[in-house]
Amino acid sequence: MGLLQSENTRMNGEMSTATKRKREDEAHRPDLNTKRKKLLETRRQLPIWSRQKDIRAAVREHDVLVLSGETGSGKSTQVPQFLLDMFKNGKIAVTQPRRVAAISLARRVADEMGTPCGSSSPASKVGYSVRFDQSTSPSTRIKFLTEGMLLQEMLRDPQMSQYSCVIVDEVHERSVNVDLLLGFLKQLLAERRQSKNPLKLIVMSATADIEMISNFFSKAHPISRGHTSADTDADEVSSEASWQGFSDDEADGAVSPDNKVSICHVEGRQYPVKTTYLAQPTEDVIDTALQRIFKIHCGEPMPGDILVFMTGQETIQSLQKLLEELAENLTRDYPKLLVLPLFAALSQPAQQRIFEPAPPNTRKVILSTNIAETSVTVPGVRFVVDTGKAKIKKFRNQIGLDSLLVKPISQSSADQRRGRAGRETAGQCHRLYTEDGFQAFEKDNTPEILRCDLSEALLKMKARGVDDVLNFPFLTPPPREAMEKALMQLLQLGALEEDGKISKIGQQVARLPLTPSLGRVIVEAATLECLAEVIDIVACLSVESVFLNVDTEEAKEKAQEARQRLFRRQGDHLTLLAAVQAYASESSDRRRWADDHLISHRAMKGAMDVRKQLRAQCKMANLFPDDSGPESDNEPPSEAKSDDILKAFVRGFMNNVARLCPDGSYKTFIGNQTVAIHPSSVLFGRKVEAIMYNEFVYTSKAYARGVSAIQLRWLEEVLGS
DNA sequence: GAGCACTGC
């Protein structure tokens with residue numbers, strides 16, 4: 001009752017809108033039903049439709065179902081609906097790696113079920129929850145969430161008691177979050193099996209790795225006998241070849257007949273794609289791509305757009321220039337060519353252009369980074385040209401440096417790229433490498449957990465009560481040294497006690513949507529009484545670059561002039577603070593202000609969202625001094641306060657300090673590595689006693705990003721605290 | 001004097 005009450009109170013503020021929405025929904029109810037019926041026809045055509053009984057039986061009889069299904073099988077939308085009536089007392093959670101996917105799947109499933117979506121009506125059965133946007137109702141039965149969101153929920157409610165079933169989708173992408181989730185869920189399954197409220201888990205992944213995933217779930221936990229399956233209807237289990245209870249398959253007899261994991265494969269629906277390779281490896285992939293694009297354009301009938309996978313902004317823009325020059329010279333016998341770049345840093349309207357239909361008699365060529373491999377679906381593509389390379393980030397824990405280098409992609413990544421040509425009709429994939437080259441690729445992408453700084457993952461585990469992180473059930477255990485390095489880092493931050501248990505500070509940090517270093521900065525700022533200011537800066541650091549890149553000399557001068565008022569000699573941190581304060585106090589036209597200052601409006605809006613969230617969380621954690629609200633006054637900080645702000649950052653980034661050497665270079669305080677100030681920094685080209693930086697990235701050389709000038713004596717001061 | 005692929009809380 002109390003809970004219900006507060007739920008109502010919370011909704012009160014929006015009552016008028018909510019009531020209005022409800023009336024609208026009721027008026028549209030016949031519409032919802034018509035839509036549902038119409039969609040039912042489409043659903044029946046999906047490959048997965050005929051497998052409903054199998055899937056239900058498997059979930060009834062086993063704790064875990066590992067389901068592989070290629071693109072177009074319909075698994076993400078249908079499986080939750082197939083299972084819904086089996087879980088009368090709890091919700092079904094469905095995780096997705098990306099926000100847009102979670103939201104659009106929720107909308108689609110709501111339409112298919114003939115129910116309103118999310119918070120639009122209290123009767124809505126399908127909702128979603130992503131950062132900054134939670135849309136559920138008291139009647140929500142199926143909830144789509146991002147992986148990170150479910151992890152946060154798990155920290156607050158370790159038993160996940162509101163869910164009877166968790167579906168983890170797109171596991172083959174192997175984000176750190178999905179690896180953590182699966183480890184936690186494996187432990188939770190064992191706990192909940194003993195309870196009145198057992199948990200079912202469905203893991204959905206690409207075909208290649210279902211065996212390793214089912215091994216993961218069946219191995220370390222001993223088989224439980226006689227678990228609840230009162231309503232089992234054995235007749236429903238079909239014996240199709242692609243369907244296996246694990247016992248049929250396991251030759252070594254390690255798993256008993258009533259094991260708890262089953263696997264199931266569902267065919268996808270893709271059009272055939274003809275694949276070609278080079279006979280000889282190419283020296284100049286841009287030139288080869290250029291020639292191949294023209295060969296396709298001049299040789300293949302219309303319609304059919306071309307999607308080219310490349311490594312980054314720079315190569316994309318140079319190929320775009322070459323293509324446009326050559327396209328000028330095309331005779332009237334050929335269709336026109338429209339070249340469209342696609343990468344994440346591109347403005348939203350520029351990205352939208354790929355969805356607009358091309359003018360008559362024009363073929364689109366989309367030059368894209370990896371963004372088109374998973375995040376963005378480009379319509380109308382019949383031809384894929386694949387350079388076989390991508391920029392891949394890897395953390396080197398010995399020196400605490402991220403490298404971001406061009407590397408060959410994996411075979412599964414190459415196949416994913418190829419699949420982009422067969423979504424609407426039969427297509428072609430032109431691989432700009434040899435078949436031997438393809439065979440030499442790694443089979444799968446290296447899981448992120450083997451490539452990243454582990455401190456955040458380990459802190460989350462500690463916060464969930466996993467004391468022995470070295471023996472955590474990892475799908476792919478990271479090297480011991482990497483984990484030890486991360487534990488050392490957490491200890492140094494004061495997030496762990498000497499005995500390895502999580503500290504009070506660690507608990508506070510783990511709840512924040514930040515890396516442990518940035519979280520520690522927040523906690524330090526609270527004691528130095530500069531929290532509001534530090535939140536503003538941290539908010540900027542956790543979004544894409546606030547200051548826009550400018551290409552031309554002319555634009556650069558203009559930007560320099562417009563931003564002059566914002567620049568602070570101490571460095572990037574106080575400059576970001578000045579930018580946020582100026583933006584926040586701009587009451588009339590913020591977009592125009594951003595444009596005038598060559599500041600990304602999108603990034604600034606993102607920073608304001610993060611700021612709001614961090615302020616709320618810090619208030620909840622009582623990090624603000626008594627009665628002082630999180631509202632900063634937008635006053636420029638005094639000299640002393642500026643120093644405190646930077647000291648707070650030094651507390652979280654003690655290993656990221658470098659001093660100026662007589663030869664004019666900067667060398668890290670720990671490890672004596674050479675580091676250059678990144679050209680995007682306001683300190684670029686300046687010489688100061690010492691610098692502190694948030695990121696240490698190796699691209700063409702080792703760069704420091706997010707840089708401020710500090711005094712070396714602060715280090716001792718901060719360490720004393 | 002030279003520039004970061006992509007997600008997520």
Exercise. Quick one: the side chain of A/R511 and the base of B/dC9, do they pair up donor-acceptor inside 3.5 Å?
Worked result: no
For this session: Output the single nucleotide from B/dC4, B/dG1, B/dC9 whose closest atom is nearest the side chain of A/K391.
Result: B/dC4
Exercise. Is a donor-acceptor pair below 3.5 Å formed from side chain A/Q313 to base B/dC4, judging by atom type as modelled?
Worked result: no
Problem set entry | A/T146 side chain, from C-beta outward: closest of B/dC4, B/dT7, B/dG8 | B/dG8
Exercise. So, is A/Y703 near the phosphate of B/dC4, with a side-chain N or O under 4.0 Å from OP1 or OP2?
Worked result: no
For this session: Quickly work out the A/I392 CD1 to B/dC4 C1' distance and round it to whole Å.
Result: 14 Å
Exercise. How long is the line joining OH of A/Y666 and C1' of B/dG1, in whole Å?
Worked result: 14 Å
Exercise. Hey, is the side chain of A/S700 poking within less than 4.0 Å of OP1 or OP2 on B/dG3, counting only N and O atoms?
Worked result: yes
Exercise. Are A/H573 and A/N694 close enough that a side-chain donor and a side-chain acceptor fall under 3.5 Å?
Worked result: yes
Exercise. Just how far, in rounded Å, is P of B/dC4 from CZ of A/F684?
Worked result: 12 Å
Exercise. Picking from B/dC9, B/dT7, B/dC4, which would you name as closest to the side chain of A/S375?
Worked result: B/dT7
For this session: Would you check if there is a donor-acceptor pair between the side chains of A/S413 and A/E373 at a distance under 3.5 Å?
Result: yes
Problem set entry | Options B/dC9, B/dA2, B/dC4, nucleotide nearest the side-chain atoms of A/K701 | B/dA2
Problem set entry | Any donor-acceptor N or O pair under 3.5 Å, side chains A/Q613, A/R131 | yes
For this session: Ignoring the backbone of A/A344, work out which of B/dC6, B/dG8, B/dG3 is nearest its side chain.
Result: B/dC6
For this session: Check every strand shown and say whether A/E544 touches a base, only sugar-phosphate, or nothing at a heavy-atom separation below 4.0 Å.
Result: nothing
For this session: Would you mind telling me which residue lines up with the more 5' stretch of DNA chain B, A/A345 or A/K460, judged by nearest nucleotide?
Result: A/A345
For this session: Using a 4.0 Å heavy-atom cut-off across all strands, classify A/T369 as base, sugar-phosphate, or nothing.
Result: sugar-phosphate
Exercise. With a 4.0 Å cut-off on heavy atoms, is A/E456 in touch with a base, just the backbone sugar-phosphate, or nothing at all?
Worked result: base
For this session: Quickly work out the A/E173 CD to B/dA5 C1' distance and round it to whole Å.
Result: 14 Å
For this session: Using atom CG of A/L346 as one end and atom P of B/dG3 as the other, report the distance to the nearest whole Å.
Result: 20 Å
Exercise. Hey, is the side chain of A/R99 poking within less than 4.0 Å of OP1 or OP2 on B/dC9, counting only N and O atoms?
Worked result: yes
For this session: Using a heavy-atom cut-off of under 4.0 Å over every strand shown, decide if A/V130 touches base, sugar-phosphate, or nothing.
Result: sugar-phosphate
For this session: Establish, with yes or no, whether the OP1 or OP2 oxygen of B/dG3 is under 4.0 angstrom from a side-chain nitrogen or oxygen of A/T699.
Result: no
For this session: Respond yes when some side-chain nitrogen or oxygen of A/H678 is under 4.0 Å from OP1 or OP2 of B/dC4, and no when none is.
Result: yes
Exercise. Looking across every strand, which nucleic acid part, if any, lies under 4.0 Å from A/I371 by heavy atom: base, sugar-phosphate, or nothing?
Worked result: sugar-phosphate
Exercise. Over how many whole Å does the gap from A/E147 atom CD to B/dC9 atom P extend?
Worked result: 10 Å
For this session: Look at all strands and tell whether A/R98 reaches a base, only sugar-phosphate, or nothing, counting heavy atoms closer than 4.0 Å.
Result: sugar-phosphate
Problem set entry | Rounded interatomic separation in angstrom, taking NE2 from A/H172 and P from B/dT7 | 15 Å
Problem set entry | Nearest-Å distance for atom pair CZ/C1', residues A/R686 and B/dG1 | 16 Å
For this session: Apply the side chain to side chain contact (heavy atoms under 4.5 Å, CB included) test between A/L660 and each candidate in A/K687, A/R686, A/E689; give the one that qualifies.
Result: A/K687
For this session: Examine the side chains of A/S175 and A/E147 and answer whether a donor and an acceptor come within less than 3.5 Å of each other.
Result: yes
Exercise. When all nucleic acid strands are considered with a 4.0 Å heavy-atom cut-off, which category describes A/L151: base, sugar-phosphate, or nothing?
Worked result: nothing
For this session: Determine whether the side chains of A/T446 and A/R174 contain a donor N or O and an acceptor N or O closer than 3.5 Å.
Result: no
For this session: Compute both the distance and the angle, then confirm whether A/R464 meets the cation-pi test with A/F184: under 6.0 Å from the six-membered ring centre, within 45 degrees of the axis.
Result: yes
